[in-house]
Amino acid sequence: MLGAAVLLRFQVTNHASLRDEQELSLVATDRHESRAEGEVAGGGHRAVPVAAIYGTNASGKSNVIDAMGWMRAAILSSFRRWDPSGGVPRRPFALRERPSSFPSTFVMDFALDGVRHEYGFSVDDVEVREEWLYYYPEARARRLYERKRGEPVAFGRWLTGHRKVISELLRPNSLYLSVAAAQGHPQLGRVYRWFQSGMRMATDEDFASRLDHTVRLCLDGSTREDGGSVLALLTYADLGVSGLRIEEPDEESRAAHERLTRAVREALGDKVRVAQARQDVLVEHRATGGTYRLGLGEESSGTRTWIGLVGPVITTLASGAVLCVDELDARLHPYLVDALVGMFQSPETNRTGAQLVFSTHEAGLLGRNARTELYRDQVWFTEKDPESLATRLFPMTEFRVRDQSGENLEKRYLAGRYGAVPYLDDDLLRSLAAACRGGSAGGAGQAAEADEGRAPGAA
(Lines give C-alpha, C1' and ligand atoms only; values in the text may rest on other atoms or scores of the structure.)
Protein backbone atom coordinates (compact mmCIF):
# COMPACT_ATOMS: atom_id res chain seq x y z
CA MET A 1 0.00 0.00 0.00
CA LEU A 2 1.35 3.41 -0.98
CA GLY A 3 2.99 5.15 1.94
CA ALA A 4 1.98 2.35 4.31
CA ALA A 5 5.21 2.52 6.32
CA VAL A 6 6.30 6.15 6.43
CA LEU A 7 8.71 6.96 9.26
CA LEU A 8 8.38 10.53 10.52
CA ARG A 9 10.36 10.71 13.77
CA PHE A 10 12.42 8.56 16.09
CA GLN A 11 13.30 9.64 19.62
CA VAL A 12 15.49 7.82 22.14
CA THR A 13 16.83 8.52 25.62
CA ASN A 14 19.46 6.58 27.57
CA HIS A 15 20.47 3.85 25.15
CA ALA A 16 24.13 2.87 24.70
CA SER A 17 25.99 6.15 24.05
CA LEU A 18 22.74 8.12 23.72
CA ARG A 19 22.32 9.48 27.23
CA ASP A 20 19.99 12.46 26.80
CA GLU A 21 16.97 12.76 24.55
CA GLN A 22 18.01 12.48 20.89
CA GLU A 23 15.63 12.89 17.97
CA LEU A 24 15.94 11.92 14.33
CA SER A 25 13.31 13.60 12.15
CA LEU A 26 12.43 12.52 8.63
CA VAL A 27 9.93 15.32 8.09
CA ALA A 28 10.85 17.42 5.04
CA THR A 29 11.53 21.09 5.71
CA ASP A 30 11.52 21.97 2.00
CA ARG A 31 9.78 20.44 -0.98
CA HIS A 32 11.89 19.00 -3.79
CA GLU A 33 10.22 17.45 -6.83
CA SER A 34 13.41 15.52 -7.62
CA ARG A 35 13.07 13.25 -4.57
CA ALA A 36 10.42 10.69 -3.66
CA GLU A 37 8.78 12.47 -0.75
CA GLY A 38 5.98 10.66 1.07
CA GLU A 39 2.87 12.61 2.03
CA VAL A 40 0.96 11.94 5.24
CA ALA A 41 -2.75 12.67 5.43
CA GLY A 42 -3.66 15.26 8.06
CA GLY A 43 -1.15 17.76 9.38
CA GLY A 44 0.49 18.38 6.02
CA HIS A 45 3.64 16.36 6.80
CA ARG A 46 5.93 15.22 4.01
CA ALA A 47 8.61 12.63 4.74
CA VAL A 48 12.05 12.50 3.14
CA PRO A 49 12.99 9.20 1.42
CA VAL A 50 16.58 9.16 2.70
CA ALA A 51 18.29 10.20 5.93
CA ALA A 52 22.08 9.95 6.27
CA ILE A 53 23.91 10.04 9.63
CA TYR A 54 27.56 11.18 9.63
CA GLY A 55 30.05 11.20 12.46
CA THR A 56 33.50 10.17 13.57
CA ASN A 57 34.39 6.68 14.74
CA ALA A 58 32.88 6.00 18.19
CA SER A 59 30.68 9.11 17.95
CA GLY A 60 27.48 7.08 18.36
CA LYS A 61 26.00 7.07 14.85
CA SER A 62 25.77 3.26 14.83
CA ASN A 63 23.99 3.41 18.18
CA VAL A 64 21.22 5.50 16.61
CA ILE A 65 20.59 2.63 14.19
CA ASP A 66 21.02 0.13 17.02
CA ALA A 67 18.41 1.96 19.13
CA MET A 68 15.88 1.74 16.30
CA GLY A 69 16.61 -1.97 15.98
CA TRP A 70 16.33 -2.52 19.74
CA MET A 71 12.92 -0.85 19.84
CA ARG A 72 11.72 -3.05 16.99
CA ALA A 73 13.13 -6.20 18.63
CA ALA A 74 11.46 -5.36 21.95
CA ILE A 75 8.08 -5.08 20.24
CA LEU A 76 8.51 -8.35 18.36
CA SER A 77 10.09 -10.36 21.19
CA SER A 78 9.10 -9.07 24.65
CA PHE A 79 6.08 -11.35 25.07
CA ARG A 80 7.20 -14.45 23.19
CA ARG A 81 10.92 -14.59 23.91
CA TRP A 82 11.91 -12.55 26.94
CA ASP A 83 12.36 -14.55 30.13
CA PRO A 84 9.24 -13.82 32.25
CA SER A 85 11.42 -13.42 35.33
CA GLY A 86 14.50 -12.06 33.56
CA GLY A 87 13.71 -8.37 33.48
CA VAL A 88 14.39 -6.22 30.42
CA PRO A 89 17.54 -6.98 28.36
CA ARG A 90 18.34 -3.35 27.61
CA ARG A 91 21.70 -1.57 27.23
CA PRO A 92 21.59 1.85 28.97
CA PHE A 93 24.22 4.59 28.78
CA ALA A 94 27.00 3.22 31.01
CA LEU A 95 29.28 6.24 31.53
CA ARG A 96 27.44 7.66 34.53
CA GLU A 97 26.89 6.77 38.17
CA ARG A 98 24.19 4.17 38.79
CA PRO A 99 23.24 3.73 35.09
CA SER A 100 20.59 1.12 35.94
CA SER A 101 18.55 3.74 37.83
CA PHE A 102 17.85 5.70 34.63
CA PRO A 103 15.06 4.40 32.35
CA SER A 104 15.43 4.07 28.58
CA THR A 105 12.71 5.64 26.45
CA PHE A 106 11.87 4.97 22.79
CA VAL A 107 9.30 6.83 20.68
CA MET A 108 8.39 6.36 17.03
CA ASP A 109 6.13 8.55 14.88
CA PHE A 110 5.02 6.81 11.68
CA ALA A 111 2.22 6.74 9.16
CA LEU A 112 0.13 3.59 8.85
CA ASP A 113 -2.19 3.59 5.84
CA GLY A 114 -1.57 7.30 5.58
CA VAL A 115 -2.54 8.10 9.19
CA ARG A 116 0.05 9.32 11.67
CA HIS A 117 0.60 7.17 14.78
CA GLU A 118 2.81 7.71 17.82
CA TYR A 119 3.99 4.71 19.80
CA GLY A 120 6.44 4.74 22.69
CA PHE A 121 7.55 3.05 25.89
CA SER A 122 9.94 3.52 28.80
CA VAL A 123 11.75 0.60 30.47
CA ASP A 124 14.28 -0.01 33.20
CA ASP A 125 16.23 -3.20 33.97
CA VAL A 126 13.20 -4.85 35.56
CA GLU A 127 9.97 -3.80 33.84
CA VAL A 128 8.03 -1.51 31.55
CA ARG A 129 7.44 1.81 33.28
CA GLU A 130 5.24 3.41 30.63
CA GLU A 131 3.74 2.56 27.25
CA TRP A 132 1.40 4.51 25.00
CA LEU A 133 -0.16 4.55 21.55
CA TYR A 134 -1.92 7.49 19.89
CA TYR A 135 -3.11 8.13 16.37
CA TYR A 136 -4.06 11.30 14.49
CA PRO A 137 -6.88 10.62 12.01
CA GLU A 138 -7.84 14.31 11.84
CA ALA A 139 -4.54 15.93 12.88
CA ARG A 140 -5.61 15.68 16.53
CA ALA A 141 -4.32 13.07 18.96
CA ARG A 142 -6.65 10.24 19.91
CA ARG A 143 -5.60 7.85 22.63
CA LEU A 144 -5.71 4.15 21.91
CA TYR A 145 -4.14 3.15 25.23
CA GLU A 146 -1.80 4.31 27.98
CA ARG A 147 0.01 2.21 30.53
CA LYS A 148 1.84 3.29 33.67
CA ARG A 149 3.67 1.12 36.16
CA GLY A 150 1.42 -0.01 39.02
CA GLU A 151 -1.79 1.18 37.33
CA PRO A 152 -4.38 -0.55 35.11
CA VAL A 153 -4.04 0.05 31.39
CA ALA A 154 -6.18 3.04 30.35
CA PHE A 155 -8.00 2.66 27.02
CA GLY A 156 -9.37 5.25 24.67
CA ARG A 157 -12.82 4.78 23.20
CA TRP A 158 -11.29 4.44 19.74
CA LEU A 159 -9.61 1.13 20.65
CA THR A 160 -11.98 -1.70 19.74
CA GLY A 161 -11.71 -5.46 20.23
CA HIS A 162 -11.10 -7.63 23.29
CA ARG A 163 -8.85 -5.99 25.87
CA LYS A 164 -9.42 -7.81 29.17
CA VAL A 165 -7.72 -11.06 28.12
CA ILE A 166 -4.70 -9.12 26.89
CA SER A 167 -4.42 -7.26 30.20
CA GLU A 168 -4.59 -10.54 32.11
CA LEU A 169 -1.68 -11.97 30.08
CA LEU A 170 0.41 -8.83 30.39
CA ARG A 171 3.67 -9.25 32.32
CA PRO A 172 5.67 -6.43 33.92
CA ASN A 173 8.47 -6.98 31.39
CA SER A 174 6.35 -7.39 28.24
CA LEU A 175 4.85 -4.70 26.03
CA TYR A 176 1.08 -4.50 25.68
CA LEU A 177 1.48 -4.21 21.90
CA SER A 178 3.38 -7.52 21.84
CA VAL A 179 0.73 -9.33 23.85
CA ALA A 180 -2.11 -7.87 21.77
CA ALA A 181 -0.52 -9.03 18.52
CA ALA A 182 0.04 -12.53 19.92
CA GLN A 183 -3.67 -12.68 20.83
CA GLY A 184 -4.75 -11.66 17.35
CA HIS A 185 -6.05 -8.17 18.15
CA PRO A 186 -6.87 -6.80 14.67
CA GLN A 187 -6.39 -3.09 15.33
CA LEU A 188 -3.16 -3.36 17.34
CA GLY A 189 -1.96 -6.21 15.14
CA ARG A 190 -1.70 -3.76 12.24
CA VAL A 191 0.59 -1.52 14.30
CA TYR A 192 2.66 -4.55 15.31
CA ARG A 193 3.04 -5.56 11.66
CA TRP A 194 4.32 -2.08 10.83
CA PHE A 195 7.34 -2.83 13.00
CA GLN A 196 7.54 -6.43 11.81
CA SER A 197 7.34 -5.91 8.02
CA GLY A 198 7.29 -2.16 7.50
CA MET A 199 10.62 -1.60 9.24
CA ARG A 200 13.71 -3.62 8.31
CA MET A 201 17.22 -3.65 9.76
CA ALA A 202 20.57 -4.32 8.06
CA THR A 203 23.48 -4.70 10.48
CA ASP A 204 26.36 -7.15 10.83
CA GLU A 205 24.32 -9.25 13.25
CA ASP A 206 21.55 -10.05 10.76
CA PHE A 207 23.71 -10.74 7.69
CA ALA A 208 22.78 -14.43 7.57
CA SER A 209 19.04 -13.74 7.44
CA ARG A 210 19.53 -11.00 4.82
CA LEU A 211 21.63 -13.33 2.69
CA ASP A 212 18.95 -16.01 2.90
CA HIS A 213 16.31 -13.46 1.91
CA THR A 214 18.30 -12.45 -1.18
CA VAL A 215 18.87 -16.06 -2.23
CA ARG A 216 15.21 -16.97 -1.82
CA LEU A 217 14.10 -14.01 -3.94
CA CYS A 218 16.67 -14.89 -6.58
CA LEU A 219 15.56 -18.53 -6.78
CA ASP A 220 11.96 -17.35 -7.20
CA GLY A 221 12.98 -15.27 -10.19
CA SER A 222 11.07 -17.37 -12.66
CA THR A 223 7.74 -16.78 -10.93
CA ARG A 224 8.10 -13.46 -9.13
CA GLU A 225 9.07 -9.98 -10.21
CA ASP A 226 11.23 -9.56 -7.08
CA GLY A 227 13.49 -12.40 -8.20
CA GLY A 228 14.15 -10.75 -11.55
CA SER A 229 14.96 -7.49 -9.77
CA VAL A 230 17.52 -9.27 -7.60
CA LEU A 231 19.27 -10.68 -10.66
CA ALA A 232 19.23 -7.24 -12.27
CA LEU A 233 20.89 -5.63 -9.23
CA LEU A 234 23.47 -8.40 -8.97
CA THR A 235 24.41 -7.78 -12.60
CA TYR A 236 24.21 -3.99 -12.25
CA ALA A 237 26.89 -3.95 -9.54
CA ASP A 238 29.48 -5.20 -12.07
CA LEU A 239 30.74 -7.86 -9.68
CA GLY A 240 30.75 -10.60 -12.28
CA VAL A 241 27.83 -12.33 -10.56
CA SER A 242 25.19 -13.90 -12.82
CA GLY A 243 23.11 -15.79 -10.26
CA LEU A 244 22.85 -17.54 -6.90
CA ARG A 245 22.24 -21.16 -6.06
CA ILE A 246 21.75 -23.23 -2.92
CA GLU A 247 23.61 -26.49 -2.47
CA GLU A 248 21.58 -28.81 -0.30
CA PRO A 249 23.38 -30.89 2.37
CA ASP A 250 24.28 -34.43 1.34
CA GLU A 251 22.67 -37.56 2.75
CA GLU A 252 25.34 -38.03 5.40
CA SER A 253 24.88 -34.47 6.70
CA ARG A 254 21.09 -34.81 6.79
CA ALA A 255 21.32 -38.12 8.65
CA ALA A 256 23.70 -36.61 11.22
CA HIS A 257 21.33 -33.67 11.69
CA GLU A 258 18.37 -35.99 12.26
CA ARG A 259 20.32 -37.92 14.89
CA LEU A 260 21.25 -34.68 16.66
CA THR A 261 17.64 -33.46 16.55
CA ARG A 262 16.33 -36.68 18.12
CA ALA A 263 18.96 -36.57 20.87
CA VAL A 264 18.24 -32.95 21.75
CA ARG A 265 14.48 -33.46 21.87
CA GLU A 266 14.79 -36.59 23.97
CA ALA A 267 16.83 -34.62 26.48
CA LEU A 268 14.94 -31.29 26.43
CA GLY A 269 11.48 -32.04 25.04
CA ASP A 270 9.66 -32.02 21.71
CA LYS A 271 9.06 -28.27 21.70
CA VAL A 272 12.77 -27.48 21.28
CA ARG A 273 13.52 -26.06 17.86
CA VAL A 274 16.67 -27.30 16.13
CA ALA A 275 18.12 -25.36 13.21
CA GLN A 276 17.94 -27.06 9.84
CA ALA A 277 20.99 -28.69 8.32
CA ARG A 278 23.21 -26.04 6.78
CA GLN A 279 22.73 -25.06 3.13
CA ASP A 280 25.65 -23.62 1.20
CA VAL A 281 25.16 -20.55 -0.98
CA LEU A 282 26.94 -20.73 -4.34
CA VAL A 283 27.62 -17.66 -6.48
CA GLU A 284 27.44 -18.16 -10.24
CA HIS A 285 29.85 -16.48 -12.69
CA ARG A 286 29.62 -16.69 -16.48
CA ALA A 287 33.00 -16.83 -18.15
CA THR A 288 34.57 -18.27 -21.28
CA GLY A 289 33.66 -21.93 -21.39
CA GLY A 290 30.50 -21.82 -19.30
CA THR A 291 29.05 -20.98 -15.90
CA TYR A 292 31.14 -21.57 -12.78
CA ARG A 293 30.08 -21.65 -9.15
CA LEU A 294 32.07 -20.43 -6.17
CA GLY A 295 31.29 -20.70 -2.47
CA LEU A 296 30.25 -17.50 -0.77
CA GLY A 297 33.42 -17.61 1.33
CA GLU A 298 35.50 -17.40 -1.85
CA GLU A 299 33.92 -14.09 -2.84
CA SER A 300 35.24 -10.67 -1.84
CA SER A 301 33.82 -8.97 1.25
CA GLY A 302 32.28 -6.32 -1.01
CA THR A 303 30.47 -8.93 -3.08
CA ARG A 304 29.10 -10.60 0.06
CA THR A 305 27.99 -7.22 1.44
CA TRP A 306 26.15 -6.34 -1.79
CA ILE A 307 24.43 -9.73 -1.98
CA GLY A 308 23.28 -9.33 1.63
CA LEU A 309 21.75 -5.94 0.85
CA VAL A 310 20.06 -6.64 -2.47
CA GLY A 311 17.17 -8.70 -1.08
CA PRO A 312 16.15 -6.23 1.66
CA VAL A 313 16.50 -3.29 -0.76
CA ILE A 314 14.24 -4.90 -3.38
CA THR A 315 11.61 -5.90 -0.81
CA THR A 316 11.70 -2.47 0.87
CA LEU A 317 11.25 -0.61 -2.43
CA ALA A 318 8.46 -2.96 -3.52
CA SER A 319 6.49 -2.74 -0.27
CA GLY A 320 7.06 0.91 0.72
CA ALA A 321 8.85 -0.02 3.93
CA VAL A 322 11.71 1.56 5.94
CA LEU A 323 15.23 0.11 5.74
CA CYS A 324 17.78 1.04 8.43
CA VAL A 325 21.40 0.25 7.52
CA ASP A 326 24.46 0.59 9.73
CA GLU A 327 27.60 1.76 7.87
CA LEU A 328 26.16 1.58 4.37
CA ASP A 329 29.56 2.38 2.83
CA ALA A 330 31.42 -0.46 4.57
CA ARG A 331 33.18 -2.64 1.95
CA LEU A 332 31.25 -1.09 -0.95
CA HIS A 333 32.59 1.13 -3.73
CA PRO A 334 31.34 4.75 -3.49
CA TYR A 335 29.60 4.37 -6.88
CA LEU A 336 27.53 1.48 -5.52
CA VAL A 337 26.64 3.38 -2.36
CA ASP A 338 25.61 6.38 -4.48
CA ALA A 339 23.49 4.17 -6.74
CA LEU A 340 21.76 2.46 -3.84
CA VAL A 341 20.88 5.76 -2.17
CA GLY A 342 19.64 7.00 -5.53
CA MET A 343 17.16 4.12 -5.78
CA PHE A 344 15.35 5.48 -2.72
CA GLN A 345 15.79 9.15 -3.58
CA SER A 346 14.43 8.94 -7.11
CA PRO A 347 10.64 9.11 -7.72
CA GLU A 348 11.18 6.84 -10.75
CA THR A 349 12.54 3.86 -8.81
CA ASN A 350 10.83 4.59 -5.48
CA ARG A 351 7.11 4.64 -6.22
CA THR A 352 5.87 3.28 -2.90
CA GLY A 353 7.17 5.83 -0.37
CA ALA A 354 10.03 3.58 0.80
CA GLN A 355 12.70 5.11 3.04
CA LEU A 356 16.38 4.51 3.74
CA VAL A 357 18.02 5.52 7.03
CA PHE A 358 21.75 4.84 7.23
CA SER A 359 24.99 5.72 8.98
CA THR A 360 28.08 6.38 6.88
CA HIS A 361 31.52 7.95 6.49
CA GLU A 362 31.11 8.44 2.73
CA ALA A 363 31.41 12.22 2.38
CA GLY A 364 31.29 11.89 -1.42
CA LEU A 365 27.49 11.58 -1.16
CA LEU A 366 27.46 15.25 -0.15
CA GLY A 367 29.64 16.38 -3.03
CA ARG A 368 28.86 17.85 -6.40
CA ASN A 369 30.17 14.79 -8.21
CA ALA A 370 27.61 12.48 -6.61
CA ARG A 371 24.86 11.21 -8.90
CA THR A 372 22.37 11.43 -6.02
CA GLU A 373 21.77 14.82 -4.44
CA LEU A 374 21.03 14.83 -0.72
CA TYR A 375 19.44 17.97 0.65
CA ARG A 376 20.16 19.67 3.96
CA ASP A 377 17.09 18.24 5.71
CA GLN A 378 18.37 14.71 4.94
CA VAL A 379 21.79 14.98 6.60
CA TRP A 380 22.44 14.40 10.31
CA PHE A 381 25.57 14.36 12.46
CA THR A 382 26.67 12.70 15.69
CA GLU A 383 29.25 14.14 18.08
CA LYS A 384 30.55 13.12 21.50
CA ASP A 385 30.23 15.60 24.35
CA PRO A 386 33.84 16.08 25.58
CA GLU A 387 32.85 15.88 29.25
CA SER A 388 30.03 13.32 29.51
CA LEU A 389 31.10 11.35 26.37
CA ALA A 390 27.41 11.13 25.47
CA THR A 391 26.33 11.39 21.84
CA ARG A 392 24.55 14.42 20.43
CA LEU A 393 22.53 13.96 17.25
CA PHE A 394 21.83 17.11 15.25
CA PRO A 395 20.75 18.04 11.69
CA MET A 396 22.60 20.01 9.06
CA THR A 397 19.66 22.43 9.03
CA GLU A 398 20.98 23.84 12.34
CA PHE A 399 23.64 25.60 10.25
CA ARG A 400 22.36 28.54 8.25
CA VAL A 401 23.90 29.67 4.98
CA ARG A 402 23.03 32.62 2.79
CA ASP A 403 23.19 30.85 -0.57
CA GLN A 404 22.27 27.17 -0.34
CA SER A 405 22.34 26.70 -4.11
CA GLY A 406 26.09 27.33 -4.24
CA GLU A 407 26.95 25.45 -1.07
CA ASN A 408 29.43 22.58 -1.36
CA LEU A 409 28.24 20.30 1.45
CA GLU A 410 31.11 17.85 1.12
CA LYS A 411 33.79 20.55 1.26
CA ARG A 412 32.20 22.27 4.25
CA TYR A 413 31.78 18.97 6.12
CA LEU A 414 35.37 17.85 5.58
CA ALA A 415 36.56 21.31 6.61
CA GLY A 416 34.79 20.84 9.96
CA ARG A 417 32.11 23.51 9.41
CA TYR A 418 29.38 21.20 10.76
CA GLY A 419 31.50 19.43 13.37
CA ALA A 420 31.29 15.62 13.52
CA VAL A 421 34.88 15.21 12.27
CA PRO A 422 37.79 13.83 14.32
CA TYR A 423 40.26 16.16 16.04
CA LEU A 424 43.75 14.88 15.26
CA ASP A 425 46.43 16.19 17.62
CA ASP A 426 49.60 16.59 15.54
CA ASP A 427 51.68 17.11 18.70
CA LEU A 428 50.85 13.55 19.75
CA LEU A 429 51.87 12.32 16.32
CA ARG A 430 55.24 14.07 16.63
CA SER A 431 55.72 12.53 20.08
CA LEU A 432 55.00 9.12 18.62
CA ALA A 433 57.53 9.69 15.84
CA ALA A 434 60.13 10.74 18.40
CA ALA A 435 59.43 7.67 20.52
CA CYS A 436 59.84 5.43 17.49
CA ARG A 437 63.26 6.98 16.85
CA GLY A 438 64.28 6.29 20.43
CA GLY A 439 64.27 9.91 21.53
CA SER A 440 61.89 12.32 23.23
CA ALA A 441 59.66 14.89 21.58
CA GLY A 442 61.95 17.65 22.75
CA GLY A 443 65.09 16.04 21.31
CA ALA A 444 63.56 14.99 18.05
CA GLY A 445 64.77 18.05 16.20
CA GLN A 446 68.34 17.70 17.51
CA ALA A 447 68.40 14.04 16.50
CA ALA A 448 67.24 14.95 13.01
CA GLU A 449 69.93 17.62 12.69
CA ALA A 450 72.61 15.14 13.81
CA ASP A 451 71.45 12.65 11.26
CA GLU A 452 71.62 15.23 8.48
CA GLY A 453 75.28 15.97 9.29
CA ARG A 454 76.29 12.30 9.44
CA ALA A 455 77.86 10.72 6.38
CA PRO A 456 75.82 8.09 4.54
CA GLY A 457 76.44 4.67 6.01
CA ALA A 458 78.13 6.04 9.15
CA ALA A 459 77.33 4.25 12.40
Side-chain angles (χ1 to χ4, degrees), residues 1-12 40-43 45 67-82 84 88-90 103-123 127-201 319-322 324 353 355:
M1 182 174 294
L2 182 63
V6 176
L7 175 61
L8 293 170
R9 178 179 69 102
F10 173 64
Q11 180 181 310
V12 59
V40 181
H45 296 301
M68 299 174 79
W70 194 92
M71 180 181 186
R72 176 181 182 270
I75 295 166
L76 302 185
S77 306
S78 66
F79 179 63
R80 294 181 183 273
R81 297 184 181 179
W82 285 4
V88 177
R90 65 170 184 146
S104 300
T105 303
F106 303 82
V107 185
M108 193 83 77
D109 272 30
F110 56 95
L112 177 59
D113 297 335
V115 179
R116 177 190 165 197
H117 288 63
E118 179 189 318
Y119 173 73
F121 58 84
S122 179
V123 296
E127 61 186 344
V128 178
R129 291 189 171 194
E130 292 183 82
E131 184 183 359
W132 63 92
L133 177 62
Y134 301 94
Y135 78 130
Y136 298 75
E138 298 173 352
R140 296 178 60 184
R142 291 183 178 179
R143 182 181 69 179
L144 292 174
Y145 70 86
E146 286 182 352
R147 169 191 182 188
K148 293 186 178 181
R149 181 176 57 179
E151 300 179 10
V153 180
F155 301 102
R157 60 188 178 90
W158 293 276
L159 182 65
T160 59
H162 56 278
R163 303 178 300 199
K164 184 178 180 181
V165 174
I166 299 173
S167 298
E168 291 174 348
L169 293 172
L170 188 63
R171 301 193 310 264
N173 72 332
S174 63
L175 296 169
Y176 188 91
L177 182 60
S178 303
V179 182
Q183 297 304 306
H185 191 284
Q187 192 175 2
L188 297 181
R190 291 172 57 251
V191 177
Y192 177 91
R193 286 189 292 275
W194 187 94
F195 288 94
Q196 182 182 51
S197 304
M199 184 178 179
R200 298 176 178 273
M201 307 302 299
S319 61
V322 181
C324 304
Q355 292 172 286

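In this chain, residues are counted from 1 in sequence order. Keep in mind that this is a model prediction, so the values were computed, not measured.
Proximity of a side-chain donor or acceptor of R171 to a complementary backbone N or O of S78 within less than 3.5 Å is detected. Side-chain atoms of S178 come within 3.5 Å of backbone atoms of I75 as a donor-acceptor pair (strictly under, hydrogens ignored). Between the E131 side chain and the L177 main chain, a donor and an acceptor come within less than 3.5 Å of each other. Without hydrogens or angle criteria, R143 side chain to F155 main chain gives a donor-acceptor distance under 3.5 Å. Side-chain N or O atoms of Q187 include one that pairs as donor or acceptor with a backbone N or O of W158 at under 3.5 Å.
R129 and P103 make their closest contact through NH1-CG, 3.6 Å (heavy atoms, listed as atom of the first residue, atom of the second, distance). Taking all atoms of both residues into account, the shortest heavy-atom contact from H185 to T160 is NE2-O, 2.6 Å. Scanning all heavy atoms of the two residues, the minimum distance from G198 to A321 falls at O-CB, 3.3 Å. Heavy-atom minimum distance, A180 versus L188: CB-CD1, 3.5 Å. Shown here for W132 and S122, the closest heavy-atom pair between the two residues is CZ3-N, 4.5 Å. Smallest separation of non-hydrogen atoms from F79 and S174: CA-CB, 4.0 Å.
Residues E151 and E146 are not in side-chain contact: their nearest non-hydrogen atoms beyond the backbone lie 4.5 Å or more apart. The shortest side-chain heavy-atom distance between V12 and M71 does not fall under the 4.5 Å cut-off. Side-chain contact between R9 and V107: present, with at least one pair of heavy atoms (C-beta onward) separated by less than 4.5 Å.
Here R149 contributes atom CZ and E130 contributes atom CD; the two are 9.0 Å apart, rounded to the nearest 0.5 Å. Note that NE2 of H117 is 13.5 Å distant from OH of Y134, once rounded to the nearest 0.5 Å. If you take OH on Y176 and CG on L144, they are separated by 10.5 Å, rounding to the nearest 0.5 Å. From H45, atom NE2 reaches atom CZ of R116 across 5.0 Å, with rounding to the nearest 0.5 Å. The distance from atom CG of N173 to atom CH2 of W82, rounded to the nearest 0.5 Å, is 7.0 Å. Between the CG atom of L7 and the CE atom of M199 there is a distance of 6.5 Å, given to the nearest 0.5 Å.
Applying the 6.0 Å contact sphere to CZ of R142 captures more than 12 heavy atoms from other residues, nucleotides or ligands.
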**Request:** Using the side-chain contact (heavy atoms from CB on, under 4.5 Å) rule, take L170 and R147 through it: C-alpha gap first, then chi angles, then the decisive distance, then the call.
**Result:** CA-CA 11 Å; L170 188 63; R147 169 191 182 188; 3.7 Å; yes

**Message:** As a quick check of understanding, evaluate side-chain contact (heavy atoms from CB on, under 4.5 Å) for F10 and F106, giving each step before the final call.
**Reply:** CA-CA 8 Å; F10 173 64; F106 303 82; 4.3 Å; yes

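Not a single salt bridge (charged side-chain N to carboxylate O under 4.0 Å, His left out) links R193 to another residue, sequence neighbours left out. Checked against salt bridge (charged side-chain N to carboxylate O under 4.0 Å, His left out), R163 has no partners two or more places apart in sequence or in another chain.
Taking the six-membered ring wherever Trp is involved, the centroid distance between the rings of F195 and F110 falls below 6.0 Å.
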